[in-house]
Amino acid sequence: MPIITARREVPQDDLISVLCQAELKDDTGTHRLSDAEILSFAHMLLAAGLGTTWKQLASLSRLC
């Protein structure tokens, strides 16, 4: 996952950089998200965005 590796090395002003820098606290201490967790979140967010866009386009088509 080249983009995740790049954002870990040089963070930018984007969501992937924020996720790379996020710290999670639990009973065992503090840790950062793994590459797989960041990728899963990005996939989930993409799917949610596509669903929302698809529904909006469908409702707009009924207005025309």
Side-chain angles (χ1 to χ4, degrees):
M1 285 151 270
I3 186 115
I4 296 173
T5 303
R7 293 305 190 269
R8 285 192 193 279
E9 293 172 6
V10 181
Q12 296 184 15
D13 188 23
D14 61 8
L15 181 61
I16 300 298
S17 296
V18 170
L19 292 172
C20 288
Q21 294 174 346
E23 293 183 347
L24 302 173
K25 296 178 184 176
D26 60 14
D27 296 338
T28 61
T30 303
H31 63 279
R32 295 189 183 267
L33 293 171
S34 68
D35 288 2
E37 290 170 323
I38 293 171
L39 186 61
S40 293
F41 182 84
H43 283 151
M44 180 184 64
L45 191 60
L46 176 65
L50 286 174
T52 302
T53 302
W54 183 263
K55 288 178 184 177
Q56 287 298 324
L57 288 173
S59 65
L60 284 174
S61 69
R62 287 185 231 150
L63 296 175
C64 296

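Worth saying up front: this structure is predicted, and the values here are computed from it rather than measured.
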Open item on the list: Between His31 and Glu23, is there a side-chain heavy-atom distance shorter than 4.5 Å?
Closed with: no

Open item on the list: Quick check: do Ser61 and Leu57 have side-chain heavy atoms less than 4.5 Å from each other?
Closed with: no

Open item on the list: For the CG atom of Asp35 and the SG atom of Cys20, what is their distance to the nearest 0.5 Å?
Closed with: 7.0 Å

TODO: Is it possible for you to say whether Met44 and Leu24 belong to one hydrophobic cluster, with membership spreading through side-chain heavy-atom contacts below 4.5 Å?
DONE: yes

Task: Donor-acceptor under 3.5 Å (Ser17 side chain, Gln12 main chain) - done: yes

- [ ] Find the distance between CD1 (Ile38) and CZ (Arg7) and round it off to the nearest 0.5 Å.
- [x] 11.5 Å

Open item on the list: The criterion is side chain to side chain donor-acceptor pair (under 3.5 Å); which residues satisfy it with Gln56, sequence neighbours excluded?
Closed with: none

TODO: Spell out, yes or no, whether Val18 and Phe41 are grouped together once hydrophobic residues are joined by side-chain heavy atoms under 4.5 Å, including indirect joins.
DONE: no

TODO: Determine whether Ile4 and Leu45 fall in the same hydrophobic cluster, where Ile, Leu, Val, Met, Phe, Trp and Tyr are linked whenever their side-chain heavy atoms lie under 4.5 Å apart.
DONE: yes

- [ ] Indicate yes or no: at least one non-hydrogen side-chain atom of Glu37 is less than 4.5 angstrom from one of Leu19.
- [x] no

